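Just so it is clear, the model here is predicted, and its values are computed rather than measured. Counting begins at 1 with the first residue of the sequence.
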Amino acid sequence: QVQLVESGGGLVQAGGSLRLSCAASGRTFADNGMGWFRQPPGKEREFVATINSLGSSTYYADAVKARFTISRDNAKNTVYLQMNSLKPEETAVYYCAAHAGYGTSRIAAAYGYWGPGTQVTVSS
């Protein structure tokens, strides 16, 4: 079992930045590939970024490339999402997720563990 709790969400103006954190507990964090997803109001959950267990491989949704950075600190059992140049359409609940494998995945169904989410609101 892996328990995940996100933090760092809030209200930010368009063009601003936020850093999300996801603290993990339970089974060995360093064994899990991790991902960030988001769900805008009235829309389906969508992939944002993923990182492998060692932090050596990352992938991003095209919409966030060059603006968002996913990273992890296995000593602190924490994964981060640095979000820059935020846009109003990126208002969403952001979720952290862990899957049982070591690699990356863009597919929500591959993730067996999810946090409760943190709200990010970007004002225009």
Does Y113 have more than 12 heavy atoms from other residues, nucleotides or ligands lying within 6.0 Å of its OH?
yes
Going hydrophobic residue to hydrophobic residue with side-chain gaps under 4.5 angstrom, can you get from Y60 over to Y111?
no
Which heavy atom of S124 sits nearest to which heavy atom of A14, and what is that distance?
CA-CB, 4.4 Å
Please name the pair of heavy atoms, one in V64 and one in V48, separated by the smallest distance, quoted to 0.1 Å.
CG2-O, 3.6 Å
Would you list the atom pairs, donor with acceptor, under 3.5 Å between side chains in residues 93-100 and any protein atom, with sequence neighbours excluded?
from : atom 1 : to   : atom 2 : distance (Å)
Y94  : OH     : R38  : NH1    : 3.1
Y94  : OH     : E90  : O      : 2.8
H99  : ND1    : G101 : N      : 3.0
H99  : ND1    : G101 : O      : 3.4
H99  : NE2    : G103 : O      : 2.7

Answer whether the closest heavy-atom distance between the side chains of V12 and M83 falls below 4.5 Å.
no
Which is it for T104 and N52 under the side chain to side chain donor-acceptor pair (under 3.5 Å) test, yes or no, and what are the steps along the way?
CA-CA 5 Å; T104 58; N52 68 348; over 6 Å; no
So, do L11 and Q119 sit near enough that their side-chain heavy atoms are less than 4.5 Å apart?
no
Do you reckon Y80 sits in the same ILVMFWY cluster as F68, going by side-chain contacts under 4.5 Å, direct or chained?
no
Quick check: does any side chain N or O of N74 sit under 3.5 Å from a backbone N or O of S53, one acting as donor and the other as acceptor?
yes
Honestly curious: do L86 and F47 fall in one hydrophobic cluster under the side-chain, below-4.5 Å linking rule?
no
Shortest non-hydrogen contact between M34 and L4, atoms and distance:
CE-CD2, 4.0 Å
First locate atom CD1 of I70, then atom CD of Q82, and finally report the distance between them rounded to the nearest 0.5 Å.
12.5 Å
Output for pair (T69 OG1, R19 CZ), nearest 0.5 Å, gives 10.5 Å
May I ask whether V122 and F37 are part of the same hydrophobic cluster, defined by side-chain heavy atoms of I, L, V, M, F, W, Y residues being less than 4.5 angstrom apart, directly or through others?
no
Consider side-chain contact (heavy atoms from CB on, under 4.5 Å). Of L81, T118, V79, V120, which one does E6 pass it with?
T118
How far apart are the C-alpha atoms of Y102 and D31, what are their side-chain angles, what is the distance that settles it, and do they pass the side chain to side chain contact (heavy atoms under 4.5 Å, CB included) test?
CA-CA 6 Å; Y102 294 96; D31 290 343; 3.8 Å; yes
Distance-minimising heavy-atom pair for T91 and P41
O-CD, 3.5 Å
For A108 versus W114, what's the shortest heavy-atom pair and its separation?
O-CZ2, 3.6 Å
Any donor-acceptor N/O pair, T78 side chain to D73 backbone, under 3.5 Å:
no
Please check if the side chain of R72 supplies one atom and the backbone of G55 the other of a donor-acceptor pair under 3.5 Å.
no
